[in-house]
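I have placed the structure first, in the form of structure tokens, so that the comments after it can refer back to it.
Whatever order the structure lists ligands and atoms in, that order sets their numbers, starting from 1. Predicted, not measured: the structure shown is a model, and the values here were computed from it.
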Amino acid sequence: MSDRIPVCAPVFSGKERAYLLEAIDTGWISSAGPFIARFETALAGVCKVRHAEACANGTVALHLLLHALGVGPGHEVIVPSETFVATANAVRYTGATPVFCEVDERSWVIDPADALGRVTAKTRAIIGVDLFGVLADYDALRAGLATLKRDDVVLLEDAAEAIGSTSRGRPAGSLAHAGVFSFFGNKTVTTGEGGAITTDDVALGARMKFLKNHGMDPKRRYHHPEMGFNYRMTNLQAAVGCAQLEEIEALCARKRHGHARYRAHFADVAEIRFAEVPADQSAVPWLNAFVDEGLASEQARDAALARLSERGIEARPFFEPNHLFPYFGGKLGDLPRSERIAVRGVCLPSGAGLTDAEIDRAADAWLAVRKEVR
Ligand SMILES: *Cc1c(COP(=O)(O)O)cnc(C)c1O
């Protein structure tokens, strides 16, 4: 159906095509080529950090960062359960154990008190996740770690969903010791598949550059003093990324506009709750996410989503809390707040290219289907 509204389609309104053709025409298609450093410099500028390291995708960027920090077997890393699975999987890839914590009832990002209560002698890092573009409270996490006298615990930011968001003028990706981005096809800024780490720690940056390139000695070809990985971004990805970053202001403005329109549309429906964004933040919403307290169960939610789809509107549920996946071994009731939010959470179409008419159609359709499934 041509008038289907996708949940989050990319927008290429800048030089994406021109830069991509430039990469192809010059023959620079692999992980050497001028767009990669250019993309890293531009991203560091957007995030106001000293170093950005581009990677093949956000998941390997998370793994690279944790590995470079020395996280491994016997260690614990605290992560919110309500996130995309990549955050916790990356911890598991290192051999460390993800320790799941709760999210705040109103903002749906990591609950600092709950996270800090789970710190043990084995804890090496806490990863805050900027869920749907709302920034976690890194100042509270940092202060809590200082109170616990645990300056050995590294604070990290999974900013995959938050490019463009700021807290008192400080951008996503700059709020912890290092930040991680994803440039997957549905993210606010995309390179198809892609990711990056942003940090002011230039030594860490250099170590990640070495490790993502098979751990090859930069001065001695094919000599590998340490086991590394091939986690590099290609010049093709970076070409698209450079064009996308040139358009970031417009992309973020469209995201904000669409989100405000949904909020206004649902303002009179008390049961529909959007994330409460802390007053010191300017958030760029990734997805137009809300909790509908009128949904009695997961079955009701899925029935409503199916009816939306019949009306040509693609929507999606919140992430399933990660502790419930069989290989993480948690059980229902372990993190009731996360479980409750996830069951009633819905994301409506969120692409930066949506028209007001499409947003209104999606919002009206939700108001209709939520009644039908009661
Ligand atoms: C998208 C995303 C990632 C990384 O995903 P990739 O598809 O590997 O780029 C990581 N964490 C969160 C919270 C995400 O939303």
Side-chain angles (χ1 to χ4, degrees), residues 7-10 39 43 47 52-67 77-94 98 100-101 103-104 107-110 115 125-136 138 156-165 172-173 175-176 178-198 208 212 229-234 236-238 240-241 244 251 255 275 283-289 316-323 325 328 338 341-342 345 347 350-351:
V7 72
C8 207
F39 179 66
L43 182 65
C47 298
E53 197 60 42
C55 290
N57 60 61
T59 307
V60 300
L62 278 162
H63 179 224
L64 181 69
L65 172 61
L66 292 167
H67 179 88
V77 176
I78 297 169
V79 298
S81 181
E82 179 52 20
T83 177
F84 182 52
V85 70
T87 322
N89 278 354
V91 174
R92 187 57 89 71
Y93 296 164
T94 69
F100 293 107
C101 71
V103 289
D104 180 81
S107 60
W108 314 329
V109 291
I110 189 168
I126 300 178
I127 310 179
V129 178
D130 303 331
L131 195 73
F132 303 132
V134 177
L135 301 171
Y138 297 95
L156 303 174
E157 177 182 10
D158 183 340
E161 303 176 6
I163 198 160
S165 294
L175 302 173
V180 172
F181 287 96
S182 164
F183 306 110
F184 182 64
N186 66 12
K187 295 283 159 60
T188 301
V189 164
T190 185
T191 61
E193 295 275 1
I197 304 108
T198 49
M208 291 188 295
K212 85 170 184 189
F229 310 93
N230 178 358
Y231 283 174
R232 298 169 309 217
M233 178 180 269
T234 69
L236 297 172
Q237 289 168 288
V240 175
Q244 286 268 291
L251 290 169
K255 287 284 208 182
V284 174
W286 169 48
L287 295 180
N288 293 304
R316 36 169 281 180
F318 278 22
F319 299 116
E320 190 173 327
N322 290 191
H323 67 280
F325 300 147
F328 285 133
S338 301
I341 289 164
C347 304
S350 303

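- Summarising the geometry of L135 relative to V109, their closest heavy-atom pair is O-CG2, 3.9 Å, with the distance given to 0.1 Å.
- For the pair R316 and F318, the cation does not sit on the ring face, since its NZ or CZ is not both under 6.0 Å from the ring centre and inside 45° of the axis.
- With salt bridges taken as basic N to acidic carboxylate O contacts below 4.0 Å, one links K212 and E53.
- Less than 4.0 angstrom separates some heavy atom of E161 from each of these atoms of ligand 1: 12 (C), 13 (C), 14 (C), 15 (O).
- You'll find the ring centres of F229 and H67 inside the 6.0 Å limit.
- The single protein non-hydrogen atom nearest to atom 10 (C) of ligand 1 is D158 OD2, 3.6 Å, given as residue, atom name and distance.
- In terms of heavy-atom proximity, N57 sits nearest to E193 at CB-OE1, 3.9 Å.
- Close approach to N57 involves these atoms of ligand 1, each under 4.0 Å from a residue heavy atom: 8 (O), 9 (O).
- Taking 4.0 Å as the cut-off, A61 does not count as a neighbour of ligand 1 on heavy-atom distance.
- Ranking protein heavy atoms by distance to atom 8 (O) of ligand 1, first place goes to T59 OG1, 2.4 Å.
- Taking the six-membered ring for Trp and thresholds of 30 and 60 degrees, F328 and F100 have ring planes more than 60 degrees apart, a perpendicular arrangement.
- Taking 4.5 Å as the limit, some side-chain heavy atom of L65 sits within range of a side-chain heavy atom of L156.
- Regarding atom 2 (C) of ligand 1, its nearest protein heavy-atom neighbour is K187 NZ, 2.7 Å.
- Counting atoms of ligand 1 from 1 in the listed order, those under 4.0 Å from a heavy atom of G194 are 9 (O).
- If you look at T83 next to ligand 1, the close heavy atoms, those under 4.0 Å, all belong to the side chain.
- By the 3.5 Å distance cut-off applied to N or O atoms, G58 is counted among the residues near ligand 1.
- For atom 6 (P) of ligand 1, the choice among S182, A86, A160 with the nearest heavy atom turns out to be S182.
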